Amino acid sequence: MIIQPVTPSRKTKPWVFYICVGILGVAVAVAVFADWAAPYDPSATDFSALYQQPTAEHWFGTDQLGRDLLSRVIHGARPSLLGAIALLAFATATGVLIGIVAAWRRGWVDTVLARLTDVMFAFPGLLFVVLVIAVFDRGPATAVIGMGLAFAPVIAKFTRAVALEELSRPYVDAYRLQGVGPIQLCTRYVLPNLMPTLLGYLVVLFGEGLLSLAALNFLGFGAQPPSSEWGLMVQEGRSGVIQGFVGPALIPGLAIAIVVVATNVVGVRLSDKLAVRT
């Protein structure tokens, strides 16, 4: 699993952008208010309603244990979105630190850090997860840390590129002449100026992070039953597909696809807007 940087390519029609913003707003609202929005307990089983088709009582039908799919998808939004946020937070803290240090120090420090990120690029993200599992055992934190290590070099290289451009600006030399220390200069002036560009890029990566975590949960490395995380729901619904019941796997899969596409559209548009530097 090799993660490549995403480069904004073309502008999106405004109505498409606003629809995607609305989709993400609904996803966030559902995650926040899941306890009130879900009609049933997501873990409540009903063996008299196994693999039930969509009805007025169960709008999305039920799964292999008679659990309401709508309720599980609603509750699954929270761990799915929070997992992607935690992944990016960990990767961003690591990658931004590496990128800024490399751009600031340059020389042999830049060379060493560049070789370090190249080595990390050479390993699939799944391998990082396996290494973390060997230490911490499987679970949501394992998936977040493992994939965070895979995303960190991507963010580090991007941060280094934009930091080199920012450090060449006249105000940096002016603050240096005034005696401003390197840590204060980077944290107080350089990093805030980088945040708009980084923000748009991170929104695009959020979709990739959500998809990557869903894949790890599907493989059993992350969330464990009875969690309603979307990737785990797809894995649990596989047995029904063989029997002709595609809903338990299809519905959470569609939720993942819709949120990822919406995030990419919004991220590309934000990157186009926020990356304009004056």
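In this text, all values refer to a predicted model and were calculated from it rather than measured experimentally.
When each of Thr111, Val112, Leu113 is tested with Arg115 by the rule side-chain contact (heavy atoms from CB on, under 4.5 Å), just one qualifies, namely Thr111. Checking Leu24, Val26, Ile23 one by one against Ile258, the side-chain contact (heavy atoms from CB on, under 4.5 Å) holds for a single residue, Ile23.
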Next item on the list: Take Phe17 and Val266 through the side chain to side chain contact (heavy atoms under 4.5 Å, CB included) test and state the conclusion after the steps.
Entry: CA-CA 6 Å; Phe17 171 75; Val266 173; 4.0 Å; yes
Next item on the list: Check step by step if side chain to side chain contact (heavy atoms under 4.5 Å, CB included) holds for Gln178 and Leu185.
Entry: CA-CA 11 Å; Gln178 295 176 20; Leu185 179 58; over 6 Å; no
Next item on the list: Would you sort out whether Val132 and Phe221 count as a side chain to side chain contact (heavy atoms under 4.5 Å, CB included), showing the intermediate values?
Entry: CA-CA 10 Å; Val132 174; Phe221 291 127; over 6 Å; no
Notebook entry, point to check: Does the pair Phe90 and Met147 meet the rule for a side chain to side chain contact (heavy atoms under 4.5 Å, CB included), with working shown?
Noted result: CA-CA 9 Å; Phe90 176 76; Met147 289 310 303; over 6 Å; no
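Shown here for Ala84 and Gly209, the closest heavy-atom pair between the two residues is CB-C, 4.3 Å. The two residues Ser71 and Pro42 have their closest heavy-atom pair at O-CB, 4.1 Å. Between Pro252 and Gly247, the shortest heavy-atom distance links the atoms CD-O, 3.9 Å. Residues Trp36 and Val32 come closest through the heavy atom pair CZ3-O, 4.2 Å. Contact between Gly222 and Ala143 at its shortest, heavy atoms only, is CA-CB, 4.0 Å. The heavy-atom pair separating Leu167 from Val190 by the smallest distance is CD2-CG2, 3.9 Å.
When atom types are taken as modelled, the side chain of Glu236 and the backbone of Val234 share no donor-acceptor pair closer than 3.5 angstrom. Between the side chain of Ser227 and the backbone N or O of Ala223, no donor-acceptor pair lies under 3.5 Å. Checking side-chain atoms of Thr117 against main-chain N and O of Pro153 turns up no donor-acceptor pair under 3.5 Å. Looking only at distances, no side-chain donor or acceptor of Thr92 sits under 3.5 Å from a matching main-chain atom of Ala89. Under the 3.5 Å distance criterion, the side-chain polar atoms of Gln243 are left unmatched by any main-chain donor or acceptor of Phe245. Formation of a donor-acceptor pair under 3.5 Å by the Gln235 side chain with backbone atoms of Gly231 is not found in this model. Side chain of Thr159 to main chain of Gly99: no donor-acceptor pair is present (N/O by atom type, distance under 3.5 Å, no hydrogens or angles). For the pair Trp230 (side chain) and Ala255 (backbone), a donor-acceptor distance under 3.5 Å is absent. When atom types are taken as modelled, the side chain of Thr62 and the backbone of Ala49 share a donor-acceptor pair closer than 3.5 angstrom.
In terms of hydrophobic clustering, with Ile, Leu, Val, Met, Phe, Trp and Tyr side chains grouped at heavy-atom distances under 4.5 Å, Val265 and Trp15 are assigned to a common cluster. Under a hydrophobic-cluster definition in which Ile, Leu, Val, Met, Phe, Trp and Tyr are linked whenever side-chain heavy atoms come within less than 4.5 Å, directly or via other members, Met233 and Leu65 are assigned to different clusters. Leu70 and Leu254 fall into different hydrophobic clusters, defined by Ile, Leu, Val, Met, Phe, Trp and Tyr side-chain heavy atoms under 4.5 Å apart, directly or through other members. Linking ILVMFWY residues whenever their side-chain heavy atoms come closer than 4.5 Å, directly or via other members, leaves Tyr40 and Leu69 in distinct clusters. Linking ILVMFWY residues whenever their side-chain heavy atoms come closer than 4.5 Å, directly or via other members, leaves Leu177 and Tyr189 in distinct clusters.
Atom CZ in Arg138 sits 9.0 Å away from atom OG1 in Thr142 (nearest 0.5 Å). The CG atom of Asp35 sits 10.5 Å away from the CD1 atom of Ile74 when rounded to the nearest 0.5 Å. Rounding to the nearest 0.5 angstrom, the gap separating the CG atom in Leu205 from the CG atom in Asn264 is 9.5 Å. Residue Leu191 holds its CG atom at 10.5 Å from CG of Leu97, rounded to the nearest 0.5 Å. In this structure, CG on Asp68 lies 12.5 Å from OG1 on Thr45, to the nearest 0.5 angstrom. How far CD of Gln52 is from CD of Glu57: 6.5 Å, rounded to the nearest 0.5 Å.
Residues Thr263 and Leu210 have side chains not in contact (no heavy-atom distance under 4.5 Å, counting atoms from C-beta outward). Between Leu199 and Leu270 the shortest side-chain heavy-atom distance does not fall below 4.5 Å. Between Phe206 and Leu87, every side-chain heavy-atom pair lies at or beyond the 4.5 Å cut-off. With a 4.5 Å cut-off on side-chain heavy atoms, Val259 and Leu81 count as touching. Looking only at side-chain heavy atoms (C-beta outward), Asp118 and Lys157 come within less than 4.5 Å of each other. With a 4.5 Å cut-off on side-chain heavy atoms, Arg160 and Asp110 count as touching. Residues Cys186 and Ile100 meet the side-chain proximity criterion, which asks for heavy atoms closer than 4.5 Å. Counting heavy atoms from C-beta on, the side chains of Cys20 and Val261 never come closer than 4.5 Å.
Under the 4.0 Å criterion applied to side-chain N and carboxylate O atoms, Arg67 and Asp41 are not assigned as salt-bridge partners. At a threshold of 4.0 Å, the pair Asp63-Arg72 counts as salt-bridged, since one of the basic side-chain nitrogens sits closer than that to a carboxylate oxygen.
Within 6.0 Å of atom CZ in Arg105, 12 or fewer heavy atoms from other residues, nucleotides or ligands are found, so the atom counts as exposed in its surroundings.
Geometrically, Arg176 engages Trp104 in a cation-pi contact, judged by NZ or CZ lying under 6.0 Å from the ring centre and within 45° of the ring axis.
Checking Tyr171 against Asn193 by side-chain atom types alone, a donor-acceptor pair falls below 3.5 Å.
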